[in-house]
There are 2 protein chains.
Amino acid sequence: MPEISVNKSGRAADTVVRQLSEKIQSGEYTDGTPLPPERLLMEEFGISRTVVREAVQALSKQGMLEARPRHRPIVRKPGYDAAISAMETVVSHLLNNSGGVKNLFDTRILVEGALVRQAAQQAQRDDIAALKSALEANGAAIDDSEEFYRTDRAFHALLYEISHNPVLPSLHKAYVTWLAPQWSRMPRLPERNRVNYEAHVRIFDGILMRDPDAAEAALRTHLEQAWSQVCETFGEDL
Amino acid sequence: MPEISVNKSGRAADTVVRQLSEKIQSGEYTDGTPLPPERLLMEEFGISRTVVREAVQALSKQGMLEARPRHRPIVRKPGYDAAISAMETVVSHLLNNSGGVKNLFDTRILVEGALVRQAAQQAQRDDIAALKSALEANGAAIDDSEEFYRTDRAFHALLYEISHNPVLPSLHKAYVTWLAPQWSRMPRLPERNRVNYEAHVRIFDGILMRDPDAAEAALRTHLEQAWSQVCETFGEDL
DNA sequence: TGTCATCCTTTGGTACGACTAAAGTTATCG
DNA sequence: CGATAACTTTAGTCGTACCAAAGGATGACA
C-alpha cells in the first residue's frame, strides 16, 4: 500500500511518523522488538532513507522508539514515563537558570503536600501497611547513607502511588531524576538521616491519624528542611 | 570548556546540538530571530547538511527552535512552556488510551486543589482583587458561551499565578491544551455557565474567607462536576 | 509616486548514491 | 566444542542534485 498522500504539511516525515506510531500502538510492531531496517522501511513507505531517518528520530524523541547509537531502534509503547522523559533536556536547561531548581522543588512541595492530605483522607489498610514497612526499612538504614537514600525515595514514592493514578509515580521519578544532581552531591550525614527519618515518622503519623493538616504540615517542614540543607551545601545561587 | 571525549558518542548531531543550544542560551543567536541557513551552519561546524538538519530537528523537538515547514527555524530560549510542549505528542497518545484523560484530569484536581488552599492561606490583596475582577468578567459572560469559556480559563489561570512560581502557569496552559479536545466539543449551555460561575463564586469566597477547606471543597466539587458534564457528552469511555 | 504583478534568488525538503565503522552472523580452525 | 576470523548487515555520515515554496528585487502600470 505505497501511497503518496498529498500532504499539505510539506513534510513527508510527518505522515510516516503517524503511520509508524499507529503500527506501534496497534501492536503490528511488537513492543520490545527492533524496528525493521531503514532500507526496508523506505521500500514499505516508498520514501527515501532521509525521510525514514527523520521519522525514526522524531519517534525516538517521543519515547516510542529507544534508539541507541549503532543499534536498531527498539519499539517502545509510550507510557507516562516517556512523556516526562521527553521534557528532560529542556528541564535540564531550566535548572541551570537561577531559581529554576527552587521553582521545581516548590511544585514538588505543592504536589506532595496534596498527596499526603489525600493519603490521610483515603489511604486503605494496605497503603498504610506499605508505608509502615517502608518507614521501618528507612529507620533501619539510618547508618547506611546509601541505603537510607534508597529507602527515603521508596517512602516518598509510596505517597505517589496511593492515588492509584499512573501519572503520579512517573512524576515522582521525574522529580528524583531532575533534582538528583543536587541531591547526590550532598554530604550524607547520619544525623541528617535521623532528622529525615523522624520527619517521615511524623508524616506517617499524620496519615495514620487521618489528620490531613498535620500530615501536610509535617511534609512541608520535611521538604523545606531538605531544601535548606541543599542551600547550605550549594549556597543561595540555585 | 571540558569537551573531553571528542566524538565517541557515535552521533555527530549530539555535539552540534550542544553547541547550538549553548549559543542560543548565551544569546549569540538572538531570541526570536531566524537561525542561519543550513548551508551556513554546515560550514560553521564543518559537517554535512544531514547532521545540521538532524540537530535542528532535535532542537525544535526540545522547544529551543520553532520550525515551521518551509521556513527558517526561529530561535526560542527555552522556557517552562517549551518543557511542557515537549511532552505534547506523547501525551496525545496517552489521552487516547482508556482512562488517560481521567488520570490527567485527576492530577489537575489534585494540583488545583492545593493551589486554592495555598491561595486561601497566602493570597495578597492584589491577588484577591485580580480574582474578583476575573470573577465579575466571568459572571458578565454567562450568556455568551465563547466569552464565558475565555473568562473561565482566565479565572482558573489566576489560581496558578498566585504562587508566583513560573512553572505553574505553564502547567495550566498544558492542562487547557490537553483537555481542549474534550472541552471544546461540549455543548455550551447558559444554564451550565451559571452553575460554573456560581462554583467560581464559592471558590472565591473560600479564598476570601481564608478558609482553605471550603475553598478546596468548592474547587473539587466544581471540577468533578465539570468532569461529569464531560462524561455526559462523551459517555464513560474516556 | 505608490501599488501590484512578475521574475530571480535564497533556502528548506527530498532523493540517490557512496562510503565507513560498528554490530551481528556465519564459517573456520584449534 | 568453543574461540576466533571472515563475512554480511546496517546505522551514521557525506556529497550532489533537484524541486518547490518563501522572500526579496524589479519593473510596469495606474
Side-chain angles (χ1 to χ4, degrees), chain A residues 1-21 23-24 29-30 32-76 89, chain B residues 3 5-21 23-24 28-30 32-76 89:
Chain A
M1 183 199 50
E3 105 333 323
I4 314 295
S5 77
V6 186
N7 45 342
K8 59 180 185 334
S9 71
R11 277 179 173 154
D14 287 353
T15 70
V16 178
V17 164
R18 260 196 303 279
Q19 300 188 34
L20 278 180
S21 66
K23 282 172 189 264
I24 290 177
Y29 293 146
T30 317
T33 63
L35 206 67
E38 296 176 350
R39 272 134 179 124
L40 279 186
L41 291 176
M42 41 184 295
E43 283 184 19
E44 184 171 342
F45 292 101
I47 52 179
S48 71
R49 200 147 82 91
T50 308
V51 178
V52 171
R53 290 183 54 75
E54 196 177 327
V56 167
Q57 196 203 337
L59 286 172
S60 76
K61 288 268 166 213
Q62 296 175 18
M64 305 188 62
L65 293 178
E66 182 186 326
R68 313 202 310 280
R70 287 256 172 196
H71 289 69
R72 307 261 292 278
I74 309 265
V75 175
R76 292 280 177 230
T89 48
Chain B
E3 192 62 47
S5 76
V6 181
N7 205 356
K8 175 65 197 85
S9 74
R11 281 183 168 147
D14 287 353
T15 71
V16 179
V17 164
R18 261 196 303 277
Q19 299 188 41
L20 278 179
S21 67
K23 282 171 188 267
I24 290 176
E28 185 170 335
Y29 292 148
T30 316
T33 63
L35 205 65
E38 295 176 352
R39 283 156 174 101
L40 277 187
L41 291 177
M42 39 184 296
E43 283 183 19
E44 185 172 341
F45 293 99
I47 53 178
S48 71
R49 203 146 81 91
T50 308
V51 178
V52 171
R53 288 182 56 76
E54 195 177 331
V56 166
Q57 198 203 336
L59 285 173
S60 76
K61 286 266 166 216
Q62 296 174 19
M64 304 188 60
L65 292 177
E66 182 185 326
R68 318 202 313 280
R70 288 259 171 192
H71 293 261
R72 306 262 291 278
I74 309 266
V75 174
R76 292 281 178 230
T89 47

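Protein chains get the first letters and strands the later ones, always in sequence-line order, with residue 1 at the start of each. The figures that follow rest on heavy atoms only: side chains count, while hydrogens, waters and symmetry mates do not. Only a predicted model underlies this, so the values are computations on that prediction, with no experimental measurement involved.
Residue B:Ile47 contributes atom CD1, which lies 16 Å from atom P of D:dT16 at whole-angstrom precision. For the pair B:Leu40 CG and C:dG12 P, the computed distance is 9 Å after rounding to whole Å. One interatomic measurement links the two molecules: CD of A:Glu38 to P of C:dT14, which rounds to 16 Å at whole-angstrom precision. D:dA11 atom C1' lies 14 Å from atom CG of B:Asp14, rounded to whole Å. Regarding A:Arg11, its CZ atom lies at a distance of 15 Å from the P atom of C:dA15, rounded to whole Å. The interatomic distance linking B:Leu41 (CG) with C:dG13 (P) rounds to 13 Å, in whole Å. We find that CD of B:Gln57 is positioned 14 Å from P of D:dT13, with the value rounded to whole Å.
Comparing atom distances between the A:Ser48 side chain and each of D:dC14, C:dT14, D:dA22 picks out C:dT14 as nearest. With D:dA22, D:dT13, C:dG24 as the candidates, the nucleotide lying closest to the side chain of A:His71 is C:dG24. Taking only side-chain atoms of A:Pro37, from C-beta outward, the nucleotide of D:dT10, C:dT14, C:dT11 with the closest atom is D:dT10. Considering only side-chain atoms of B:Arg39, the nucleotide from D:dC14, C:dT14, C:dT11 that sits closest is C:dT11.
In this structure, B:Arg72 reaches the sugar-phosphate backbone alone: every heavy-atom distance under 4.0 Å involves primed, P, OP1 or OP2 atoms, never a base.
Although no hydrogens or angles enter the test, the distance criterion places no donor-acceptor pair under 3.5 Å between the side chain of B:Arg76 and the main chain of B:Glu66.
One donor-acceptor pair, N or O on each side, does fall under 3.5 Å between the base of C:dG13 and the side chain of B:Arg49. On a pure distance criterion of 3.5 Å, a polar donor-acceptor pair joins the side chain of A:Arg70 and the base of D:dA11.
A distance of 7.5 Å separates CG of B:Asp14 from CD of B:Glu54, quoted to the nearest 0.5 Å. The CD atom of B:Glu38 sits 10.5 Å away from the CD1 atom of B:Ile47 when rounded to the nearest 0.5 Å. Separating the OG atom in B:Ser48 from the CG atom in B:Leu41 is a distance of 12.0 Å, to the nearest 0.5 Å.
Nearest-nucleotide positions on DNA chain C for B:Arg68 and A:Met42 put B:Arg68 closer to the 5' end.
By the 4.0 Å N-to-carboxylate-O rule, A:Lys23 lies close enough to A:Glu44 to be salt-bridged with it.
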